[in-house]
Amino acid sequence: MFLRSTSIGGLIALLGCLFIGDAVAAAQAKGRRGGVAPDIHAQRLDEAVCRHWLPRLPGVSAGLCRTSRLEPTGGRSVQGRPLYITDVRSVHAKMRVLVVGGIHGDELTSAGLALRWLQLAYDDPADAYWRFIPLLNPDGLLAEKPVRMNANGVDLNRNMPTHNWAIETKQYWEVRTRRDPRRWPGPAAGSEPETQFLIQQINEFSPDLIVSIHAPYGLLDFDGALPPPTKLGRLHLDRLGVYPGSVGNYGSLEYHVPVVTVELVHALDPPSTLETVQMWRDLGDWMNARLLAPQGHTGHTD
Ligand SMILES: [Zn+2]
């Protein structure tokens with residue numbers, strides 16, 4: 001079952017788990033404010049790193065960051081920041097889901113939503129084995145002014161090594177974007193350490209579904225052969241089209257797993273807690289209906 005409890009008590013429990021960490025952190029932080037400069041190359045996601053991240057994570061409390069249990073992987077960004085993951089696994093897991101946030105560094109709510117969903121997954125992982133990568137592009141998010149691209153100026157969501165990448169991204173960038181520097185696909189397919197890391201994670205984890213979180217188009221996009229979800233919270237299905245080098249394009253066409261792309265309404269203002277929970281529940285309902293159905297198996301290992 002995936003968050004099927006419709007009781008008031010169940011909902012309160014879900015909402016509560018988004019706040020509990022705050023009290024814990026407040027108690028632990030008492031009396032040790034200031035002083036320690038955050039080490040951006042630190043391995044563990046400790047309190048200093050969280051303090052560094054939090055101003056860029058709207059809707060995320062200090063406690064939620066600290067209790068996220070993110071672990072370094074050895075993967076690093078262009079500027080050497082660790083790339084973190086965490087797994088949440090139900091003993092009854094029947095599907096593997098990879099959630100990726102913070103691909104574009106100026107979409108602050110994206111990384112925030114991934115962390116808030118992670119907390120909900122801890123509370124109830126349902127029938128899934130989750131892997132969260134809440135912040136794929138830390139250099140972009142933590143830049144003096146947050147930027148979409150990584151530290152090499154590459155749009156990571158155009159750098160995935162999709163079929164015919166060189167021709168299609170060139171066409172896309174030069175004609176469709178008129179060489180918009182914010183959408184530069186990079187010098188070569190999969191040239192960036194962050195995209196290489198994501199590809200490695202996809203290969204190792206072998207997900208049945210990838211959820212890619214963005215902002216601010218306020219819609220839901222879907223790549224794959226399954227019937228798509230029609231809504232997540234107030235986001236409704238509205239297909240954006242195909243973008244060469246994107247995670248959606250790579251996941252669905254190269255790796256043959258469905259990709260749900262969440263485009264939040266705002267890049268800076270986070271969705272409410274109620275909305276966050278509703279999106280999570282809608283995602284779970286769709287997963288149960290489509291990924292677990294006999295016809296829903298994607299056969300991605302074929
Ligand atoms: Zn984006």
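Values reported hereafter were calculated over all heavy atoms of this structure, with side chains retained and with hydrogens, waters and symmetry mates removed. Read the numbers this way: they start at 1 and go in the same order the structure lists the ligands and their atoms.
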Next on the checklist: Show, in sequence, the C-alpha distance, side-chain angles and deciding distance for Asp282 and Gln278, and conclude whether the side chain to side chain donor-acceptor pair (under 3.5 Å) test is met.
Outcome noted: CA-CA 6 Å; Asp282 289 344; Gln278 189 60 55; 3.0 Å; yes

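The distance from the Zn ion (ligand 1) to the nearest N/O/S atom of Glu263 is not under 2.8 Å.
Ring pair Tyr243/Tyr172 is perpendicular by interplanar angle, where above 60° counts as perpendicular and below 30° as parallel.
Considering just the N/O/S atoms of His104, the one nearest the Zn ion (ligand 1) carries the name ND1. The minimum distance between the Zn ion (ligand 1) and any N, O or S atom of His214 involves atom ND1.
Side-chain polar atoms of Asp87 and Tyr129 form a donor-acceptor pair below 3.5 angstrom.
Asp139 pairs in a salt bridge (Lys or Arg N to Asp or Glu O under 4.0 Å) with only one of the listed residues (Arg76, Arg81, Arg148), which is Arg81.
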